[in-house]
Amino acid sequence: MRIYKFGGASVKDAEGVRNLVRVLRETGTEKTFLVVSAMGKMTNALEAAVNAYFEDKDALTSALEAVESFHLEILRELFPSEGHRVYREVRKLFEEVRGFLSWNKSPKYAFVYDQVVGYGELLSTRIISEYLNEQEIENALLDIRRYIKTDSNYRDVRVDWTKTQKEIAALSGSSKLYITQGFLGSDDNNFTTTLGREGSDYTAAIIAFCLNAESVTIWKDVPGVLNADPRYFEKPRLLNRISYREAIELAFYGATVIHPKTLQPLQRKEIPLYVKSFLNPLNPGTHVGKGIALEPKIPCFILKKNQVLMKLSSLDFSFIVEENISEIFKLLHDYKMKVDLIQNSAISFSVCFDNRFGQLPELLQHLKGKYRVKHHEGVSLYTVRHFDSKAIASLLNGRDVLLEQRGKETVQLVIKT
């Protein structure tokens with residue numbers, strides 16, 4: 001069984017859905033399992049609906065209408081006859097969303113989020129499955145929530161591997177073309193759960209692990225894994241081959257082309273991962289596997305913007321010791337800061353982190369009672385794997401470096417922007 005994952009950019013409109021069909025015609029459909037994300041930016045649009053539900057009920061109706069109109073426009077391009085059954089199925093899904101929001105009594109944002117946002121994937125897979133049928137590509141549409149079982153820590157769940165493997169293993173041995181949703185699972189009460197943003201890659205890896213798949217292919221709008229993000233760096237180059245370990249390193253430092261959780265189950269069973277362009281499906285793309293040397297061996301650049309750099313020192317100039325560091329990390333955890341770099345000396349401790357949930361003022365107030373605190377907001381963190389002097393010089397270019405940390409393979413620079 002091959003696992004194909006198509007992200008939101010690949011099915012963002014009717015032409016994207018038609019292109020998915022072209023990819024399948026060129027690469028084949030036998031023993032293939034499609035994992036599909038929400039179309040375009042629909043996850044963001046459904047998040048806006050959830051926010052309106054909690055903060056501005058008057059805006060909820062228009063938020064949902066915008067999502068419905070988006071999907072209906074795609075339907076009209078793919079299915080000119082509005083008598084087609086797919087229109088009824090799509091409207092039924094929207095009735096379910098509105099019904100849930102009308103009877104829900106839970107005040108918990110994360111629970112409501114998971115019940116609503118997951119409809120992006122349910123809609124996309126329903127539409128694509130019906131279009132495949134129209135194109136005489138027989139397929140079986142599965143509700144992944146029946147197969148991937150999780151705990152109830154909504155928005156940040158853990159997979160119950162024992163239950164999940166048992167459910168998914170029942171699909172082994174089939175030569176059907178399956179299509180299902182990425183990002184979703186369900187708990188013991190059969191409420192929808194989500195695997196985290198960009199979790200569709202993880203879904204593909206879970207299915208691959210449970211079915212002992214021959215490979216996973218992630219179809220992207222780039223040629224494969226690049227050595228730099230083309231949005232921020234000029235003339236990025238394709239990495240033809242890369243090891244699991246190197247891919248995990250890049251993901252750890254913030255490269256976004258492969259979801260960090262995706263690689264672990266694939267590595268455990270040595271399942272090859274391919275990252276290819278959905279515009280040029282026959283091109284080789286990037287092959288990720290066991291013990292593969294990086295090819296070509298060139299510097300790899302990763303940029304994380306809008307970071308916070310904070311330097312702490314004791315008020316009496318005493319040493320920063322294990323007790324202090326433990327306390328600092330606990331506070332960073334409590335205030336939901338994602339730490340990307342740390343550096344300490346005898347009397348100071350520096351940390352660069354992502355203020356994801358906007359709780360920096362509260363954290364600073366807490367720390368200033370015990371430490372001397374200096375901080376810079378809006379800094380950029382550059383990480384270069386396999387760096388050389390030319391790579392570092394290209395980043396500096398007269399910029400103000402606030403902190404530098406070097407290892408054998410990696411250099412990190414916090415730069416004031």
Side-chain angles (χ1 to χ4, degrees), residues 7-8 37-38 41-55 108-114 116-118 120 150-151 153-158 182-183 193-202 229 231-232 248-263 302-312 325-343 349-368 371 373-383 402-403 405 412-417:
S37 299
K41 301 294 185 181
M42 284 301 99
T43 298
N44 291 340
L46 286 163
E47 284 180 346
V50 174
N51 292 336
Y53 174 78
F54 281 99
E55 300 170 7
K108 296 181 178 178
Y109 181 92
F111 171 75
V112 174
Y113 178 100
D114 279 9
V116 173
V117 171
T150 73
D151 62 17
N153 188 26
Y154 300 105
R155 296 194 72 188
D156 190 25
V157 295
R158 290 181 180 273
F183 184 52
T193 58
T194 61
L195 303 177
R197 291 301 299 268
E198 309 301 328
S200 293
D201 289 3
Y202 188 33
D229 189 327
R231 294 174 298 176
Y232 307 121
I248 288 170
E249 289 279 1
L250 292 173
F252 172 79
Y253 288 114
T256 58
V257 75
I258 303 174
H259 192 277
K261 291 180 181 178
T262 301
L263 297 161
I302 301 161
L303 169 61
K304 301 187 82 169
K305 303 178 80 173
N306 297 316
Q307 303 287 293
V308 178
L309 177 64
M310 184 167 65
K311 181 178 180 180
L312 306 173
I325 295 172
S326 176
E327 177 187 40
I328 293 165
F329 269 107
K330 183 179 185 306
L331 289 171
L332 290 165
H333 172 76
D334 290 345
Y335 287 100
K336 302 183 186 303
M337 303 298 176
K338 185 181 183 303
V339 175
D340 294 309
L341 180 151
I342 59 172
Q343 189 175 93
F349 180 88
S350 297
V351 57
C352 184
F353 56 85
D354 187 350
N355 179 29
R356 292 182 296 173
F357 295 95
Q359 299 190 70
L360 180 62
E362 294 89 340
L363 173 63
L364 292 173
Q365 184 176 6
H366 200 140
L367 287 167
K368 285 179 179 178
Y371 300 96
V373 182
K374 294 182 179 179
H375 79 285
H376 299 269
E377 298 181 47
V379 301
S380 294
L381 172 62
Y382 288 87
T383 302
L402 301 173
L403 186 147
Q405 187 164 274
Q412 291 187 283
L413 304 170
V414 179
I415 293 177
K416 191 174 182 180
T417 55

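Just so it is clear, the values below take in all heavy atoms, side chains as well, and ignore hydrogens, waters and symmetry mates.
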Here the pair of heavy atoms bringing His376 nearest to Val379 is CB-CG1, 3.7 Å
- Query: Is any NZ, NE, NH1 or NH2 atom of the basic residue among Asp354 and Lys304 found under 4.0 Å from an Asp or Glu carboxylate oxygen of the other?
  - Reply: no
For Phe329 and Ile342: C-alpha separation, side-chain torsions, deciding distance, then whether side-chain contact (heavy atoms from CB on, under 4.5 Å) applies. CA-CA 10 Å; Phe329 269 107; Ile342 59 172; 3.8 Å; yes
request  = Check for a donor-acceptor pair, side chain of Asp201 on one end and backbone N or O of Ile258 on the other, with a separation under 3.5 Å.
outcome  = no
Exercise. Is there a donor-acceptor pair under 3.5 Å between the side chain of Gln307 and the backbone N or O of Lys305?
Worked result: yes
Checklist entry - Do Val116 and Tyr53 have side-chain heavy atoms sitting under 4.5 Å apart? => result no
Residues Gly8 and Ser37: closest non-hydrogen pair is N-CB, 3.6 Å
Any side-chain heavy atom of Val373 within less than 4.5 Å of one from Lys311?
no
Crowding at CZ, Arg356 (>12 non-hydrogen neighbours, <6.0 Å) | yes
Distance-only donor-acceptor check, side chains Asp114 and Thr193, under 3.5 Å: no
Closest heavy-atom pair, Ser350 versus Leu403, reported as atoms and distance to 0.1 Å, is CB-CD1, 3.6 Å
| query | Does any donor atom in the side chain of Asn51 or Tyr109 lie under 3.5 Å from an acceptor atom in the other side chain? | reply | yes
Shortest non-hydrogen pair, Val117 vs Leu46, comes out as O-CD1, 3.5 Å
For residues 357-367, run the donor-acceptor check on the side chains, cut-off 3.5 Å, and write out each pair with its distance to 0.1 Å, sequence neighbours left out.
unit_1, atom_1, unit_2, atom_2, d
His366, ND1, Tyr335, OH, 3.2

Side chain to side chain donor-acceptor pair (under 3.5 Å) filter on Lys108, not counting sequence neighbours, yields none
**Q.** Under 3.5 Å donor-acceptor, Thr417 side chain and Gly378 backbone
**A.** yes
For Tyr202 and Thr262, the nearest pair of non-hydrogen atoms, with its separation, is N-OG1, 3.3 Å
Check against side-chain contact (heavy atoms from CB on, under 4.5 Å), Leu312 and Val351: CA-CA 9 Å; Leu312 306 173; Val351 57; 5.6 Å; no
